[in-house]
Number of protein chains: 2
Amino acid sequence: MRAAPETSALPRRPDERPRRDPLAALGAFLQQKGLKHSRQRQAIAQIFFDMGGHVPVDALVARVREQDPRVSVATVYRTMKLLAECGLAVPRRFGEGQTRYEPADHHHGDAHDHLICTACGAIVEFESERITALQRRLARRHGFEVERRRVELYGRCAGCRGAAAKEPA
Amino acid sequence: MRAAPETSALPRRPDERPRRDPLAALGAFLQQKGLKHSRQRQAIAQIFFDMGGHVPVDALVARVREQDPRVSVATVYRTMKLLAECGLAVPRRFGEGQTRYEPADHHHGDAHDHLICTACGAIVEFESERITALQRRLARRHGFEVERRRVELYGRCAGCRGAAAKEPA
DNA sequence: GTATTTGCAAAGGGTTTGCAGTTCC
DNA sequence: GGAACTGCAAACCCTTTGCAAATAC
């Protein structure tokens with residue numbers, strides 16, 4: 001799982017949340033690992049966090065290239081892998097064959113689930129402690145200790161259901 | 001027009017359920033659609049249903065080739081697509097980059113979820129009406145009408161947790 | 001007969017990698 | 001200065017497709 005800040009030892013001051021500034025966190029990670037803080041990494045991370053949501057890699061590449069056309073796909077993939085490694089981004093795959101990345105500090109726990117509209121592709125996040133608790137309990141009953149969950153509900157969003165009703169195909 | 005009366009030349013399905021004969025169903029589907037009941041289709045379907053569980057395509061190809069080495073991957077893919085189309089198999093993707101197929105009549109509703117062991121790869125199915133009901137309700141609250149679900153819980157199975165405890169890596 | 005299937009091999013999409021040159025510390 | 005990083009292109013994995021030959025009905 002992701003490296004959450006250790007709340008046990010040091011109580012965080014409200015105005016100094018590490019996960020509030022992902023770029024700073026990335027910088028710290030790089031430094032600590034002896035990696036380099038390159039122009040491309042900076043740009044990719046910056047744009048990624050600016051975009052927010054669930055970003056497909058190709059969309060990120062496009063955006064980055066608006067700013068610096070010579071950035072390669074390889075570098076974007078490598079950088080996103082890095083962000084995932086240090087817990088700042090989470091890779092998602094919604095069955096479209098492509099990987100999307102989601103900022104990890106988006107929600108507190110990243111235990112949220114996704115609703116995906118099969119008509120317009122909209123992605124909505126939701127979270128339910130009850131569901132996760134039930135799942136954990138059921139998993140335990142089968143001898144499993146849950147480390148990671150993936151819950152995706154596919155269907156039609158309100159808008160698309162409305163559109164279908166008005167204008168039946 | 002039953003397919004091979006002795007589908008169980010290998011009588012080893014301990015959890016055999018009262019299920020209709022999928023091969024017969026396939027035959028009916030083919031006939032109805034004016035498609036042909038080829039030797040390869042027969043073999044692929046037969047072996048697939050004999051294997052049971054969640055079969056990766058390459059494993060299926062390997063098994064089929066033990067029996068007829070000249071069957072092509074393309075044919076296996078095409079056949080599995082056909083089985084999916086007529087509702088006898090369900091494609092699954094557990095984030096390993098490869099597609100697995102699961103017999104569709106395995107459970108009544110195919111609304112079951114999966115527990116996947118991150119250590120040994122074991123896959124266990126479970127089902128919970130409460131969870132699906134909760135999910136449906138929550139989705140509704142966000143305006144969604146759920147059509148299809150995908151729930152995968154990754155973790156360590158009992159056996160692997162035991163092994164890890166004995167011999168910590 | 002003839003429409004459907006097959007095997008092969010090549011194409012395809014998304015992602016990764018090897019390598020020579022560039023950049024950062 | 002030297003390790004780390006980049007861009008490029010080729011490689012990669014899994015899956016699909018085009019096509020001529022083979023097959024089922």
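Every chain is numbered from 1, with letters handed out A, B, ... down the list of sequences. Side chains included, hydrogens not; waters and symmetry mates left out as well; all remaining heavy atoms used. Because the structure is a prediction, the values reported are computed rather than measured.
Place B:Ala74 and B:Leu35 on DNA chain C by their nearest nucleotides, and B:Leu35 ends up nearer the 5' end.
As judged by a 4.0 angstrom heavy-atom cut-off over every strand, A:Val71 is placed among residues touching the sugar-phosphate backbone only.
Cluster membership for B:Leu35 and B:Val76, using ILVMFWY side-chain heavy atoms within less than 4.5 angstrom, is shared.
Counting only heavy atoms from C-beta on, A:Arg93 has its side chain closest to C:dT15 among D:dT15, D:dG7, C:dT15. Minimum atom distance to the side chain of A:Gln98 is reached by C:dG14, of the listed C:dC24, D:dT15, C:dG14.
One can place CD of B:Gln31 at 10 Å from C1' of D:dC25, the figure rounded to the nearest angstrom. Atoms CZ (A:Arg41) and P (D:dA4) sit 11 Å apart, rounded to a whole Å. Residue A:Leu83 contributes atom CG, which lies 15 Å from atom C1' of D:dC5 at whole-angstrom precision. The interatomic distance linking A:Lys36 (NZ) with D:dG1 (P) rounds to 14 Å, in whole Å. Between the P atom of D:dA10 and the OH atom of A:Tyr77 lies a distance of 18 Å, rounded to the nearest Å. One atom, CZ of B:Arg100, and another, C1' of D:dC14, lie 14 Å apart when rounded to the nearest Å. Between the CZ atom of B:Arg70 and the C1' atom of C:dT5 there is a distance of 15 Å, rounded to whole Å. Distance, A:Leu60 CG to C:dT15 P: 12 Å, rounded to whole Å.
One finds a side-chain N or O of A:Ser38 lying less than 4.0 angstrom from the OP1 or OP2 phosphate oxygen of D:dT6. In this model, the phosphate group of D:dA24 is not approached by any side-chain N or O of B:Gln40 to a distance below 4.0 Å at OP1 or OP2. Side-chain N/O atoms of A:Lys81 include one lying less than 4.0 angstrom from OP1 or OP2 on C:dT16.
Taking the six-membered ring for Trp and the full ring otherwise, B:Tyr101 and B:His54 have centroids separated by 6.0 Å or more. Outside the 6.0 Å centre-distance limit, the rings of B:Phe126 and B:His112 are not counted as a close aromatic pair.
No hydrogens or angles were tested; on distance alone, a donor-acceptor pair under 3.5 Å links the side chain of A:Arg78 to the base of D:dG7.
Heavy atoms from other residues, nucleotides or ligands lying under 6.0 Å from CD of A:Gln31 number 12 at most.
No side-chain N or O of A:Thr79 forms a donor-acceptor pair with one of A:Arg41 less than 3.5 Å apart.
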